[in-house]
Amino acid sequence: MTRSTRERIIDEALRLFAERGYSATSVAEIEAASGLSPGAGGLYRHFKSKYEVLAAAVNEHAARTRTQIAETLTEMSAVDPSTDIEERLAHLCKAGLAKVREESELTRVFFRDLSQFPELVAIVRDGLLQPMFDAVTAWFRAQPEYAEADLDWPAIGAVLGGAVVHYRLFQETVGEPPGRAERDRFVASWVRLAIGLLPRPAVQVIT
């Protein structure tokens, strides 16, 4: 699909912010990368300032995340319940890894530049990160195998969701996965830990 000028500005600005930093990226550079005449003011036909471009990128990524999570949960709820729980868990973990990878540019901007914009930090927290943790919690609560598990699911979601986020962030910042565990090993271990949350059958005492 052909991107509109506004979409090109947002996408290219975020890419440049991720590569160079917000302060080091000029409006003229964003215009050039977006196919506009650099320095001619084309960006200002769509945004009042460079900050407004950044805010639009954050808000649009948050809105997209909410839609994606809703769609993913609907898709996963339609999976045949006879499918092995291990396979369902692996699908959940891989979906989370893919989502964090998709947000790699915004993640770099978040850690480098957003501390100066607390209002945008709040959008990332409430619009991207917390919905991911909430989705993990909702998924576990919906699985029949975990119905009898009396656990603090929000905390479980924080631990398992946090592991997925950390795995990708570590790769982005260090250049290799934590513990040098490639993705398939990470997913298998994540599934194994989640399986450990299953309620244990009551032990029958024979008298």
Side-chain angles (χ1 to χ4, degrees), residues 1-76 92-136 138 161-177 183:
M1 293 178 62
T2 302
R3 294 181 300 168
S4 68
T5 301
R6 184 180 188 280
E7 290 171 331
R8 289 202 310 273
I9 291 172
I10 290 174
D11 291 346
E12 295 302 324
L14 188 61
R15 179 182 63 80
L16 291 171
F17 295 156
E19 290 177 358
R20 307 178 185 181
Y22 175 80
S23 297
T25 301
S26 69
V27 168
E29 288 170 330
I30 296 171
E31 290 173 332
S34 305
L36 303 173
S37 298
L43 179 145
Y44 295 109
R45 296 190 183 94
H46 302 272
F47 301 95
K48 295 178 181 178
S49 64
K50 183 172 70 170
Y51 169 81
E52 193 171 281
V53 180
L54 175 61
V58 172
N59 278 287
E60 291 192 9
H61 277 248
R64 185 175 67 191
T65 295
R66 287 191 291 270
T67 300
Q68 288 175 332
I69 287 175
E71 291 174 347
T72 299
L73 287 176
T74 299
E75 173 191 332
M76 296 182 73
L92 176 67
C93 183
K94 290 175 183 177
L97 289 171
K99 175 58 183 172
V100 179
R101 181 176 185 177
E102 180 184 309
E103 300 296 344
S104 60
E105 290 180 343
L106 183 56
T107 298
R108 289 198 291 274
V109 175
F110 179 84
F111 283 104
R112 177 191 288 150
D113 296 303
L114 287 198
S115 61
Q116 59 186 306
F117 306 118
E119 69 282 3
L120 299 184
V121 171
I123 294 172
V124 172
R125 180 191 66 225
D126 299 332
L128 279 91
L129 295 175
Q130 192 57 49
M132 289 178 63
F133 296 142
D134 291 343
V136 173
V164 170
V165 172
H166 174 263
Y167 184 85
R168 285 298 316 170
L169 293 185
F170 196 97
Q171 275 190 314
E172 289 286 337
T173 55
V174 178
E176 63 179 33
R183 192 195 72 150

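Positions are given from 1 along the sequence.
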Item to complete: Hey, could you give me the CG/CG distance between L54 and N59, rounded to the nearest 0.5 Å?
Response: 9.5 Å
Discussion item. Are L120 and V124 packed together at the side-chain level, in the sense that at least one heavy-atom pair is separated by less than 4.5 angstrom?
Written reply: no
Practice prompt. Please work out which of the three classes, parallel, tilted or perpendicular, describes the rings of Y51 and F117, given edges at 30° and 60°.
Written response: tilted
Worksheet item: Can you find a heavy atom in the side chain of L114 that is under 4.5 Å from one in the side chain of Y22?
Response: no
Worksheet, complete the sentence: Nearest heavy-atom approach of F47 to A56 is CE2-CB, 3.8 Å
Worksheet entry | Side chains of L14 and V58 in contact at under 4.5 Å (non-hydrogen atoms) | no
Discussion item. Counting neighbours of CZ on R64 that are heavy atoms of other residues, nucleotides or ligands and sit closer than 6.0 Å, is the number greater than 12?
Written reply: yes
Worksheet item: Are the side chains of M132 and V165 in touch, meaning some heavy atoms are under 4.5 Å apart?
Response: yes
Response to the item:
Value for CG (L16) from OG (S26), rounded to nearest 0.5 Å, stands at 8.5 Å
Item to complete: Indicate yes or no: at least one non-hydrogen side-chain atom of E103 is less than 4.5 angstrom from one of R168.
Response: no
Worksheet item: Between R125 (side chain) and Q130 (backbone), is there a donor-acceptor pair under 3.5 Å?
Response: no
Worksheet entry | Backbone N/O of T25 and side chain of K50: donor-acceptor pair under 3.5 Å | yes
Worksheet item: Is there a side chain to side chain contact (heavy atoms under 4.5 Å, CB included) between T5 and S34 once you walk through the steps?
Response: CA-CA 7 Å; T5 301; S34 305; 5.9 Å; no
Item to complete: Output, in order, the C-alpha distance, side-chain angles, deciding distance and verdict of salt bridge (charged side-chain N to carboxylate O under 4.0 Å, His left out) for E29 and R20.
Response: CA-CA 11 Å; E29 288 170 330; R20 307 178 185 181; 2.8 Å; yes
Fill in: E31 side-chain N/O to L43 backbone N/O, donor-acceptor pair under 3.5 Å
yes
Worksheet entry | Backbone N/O of F17 and side chain of R112: donor-acceptor pair under 3.5 Å | yes
Item to complete: Go through the steps for I9 and L36 under the test side chain to side chain contact (heavy atoms under 4.5 Å, CB included), then give the verdict.
Response: CA-CA 9 Å; I9 291 172; L36 303 173; 4.0 Å; yes
Worksheet entry | Exercise: identify the closest heavy-atom pair between A18 and V109 | N-CG2, 3.6 Å
Worksheet item: Does the side chain of L128 come within less than 4.5 Å of R66's, by heavy atoms?
Response: no
Practice prompt. Please tell me if the side chains of F170 and P177 come closer than 4.5 Å, counting only heavy atoms from C-beta onward.
Written response: no
Worksheet item: Is a donor on one side and an acceptor on the other found under 3.5 Å between the side chain of E12 and the backbone of R8?
Response: no
Worksheet, complete the sentence: Rounded to the nearest 0.5 angstrom, the OG1-CD distance for T107 and E172 is 7.0 Å
Worksheet item: Can you find a pair of side-chain heavy atoms, one from R6 and one from I10, that are under 4.5 Å apart?
Response: yes
Worksheet item: Any donor-acceptor pair under 3.5 Å linking the side chain of S115 with the backbone of F111?
Response: no
Worksheet entry | For F110, ring-ring contact (aromatic ring centres under 6.0 Å, His included) partners two or more places apart | none
Worksheet item: How many angstroms lie between atom CD of Q68 and atom NE2 of H61, to the nearest 0.5 angstrom?
Response: 9.5 Å
Worksheet item: At their closest point, which heavy atom of P38 faces which heavy atom of A28, and how far apart are they?
Response: CB-O, 3.5 Å
Worksheet item: Side chain of S4, backbone of E7: donor and acceptor closer than 3.5 Å?
Response: yes
Worksheet entry | Exercise: identify the closest heavy-atom pair between T72 and A95 | CG2-CB, 4.5 Å
Worksheet item: Atom CG in D126, atom CG in D134: separation rounded to 0.5 Å?
Response: 10.0 Å
Worksheet item: Judged by atom type as modelled, is there a donor-acceptor pair below 3.5 Å linking the side chain of Q116 to the main-chain atoms of D113?
Response: yes
Practice prompt. Measure from the side-chain N and O atoms of E60 to the backbone N and O of A57, and report whether any donor-acceptor pair falls under 3.5 Å.
Written response: no
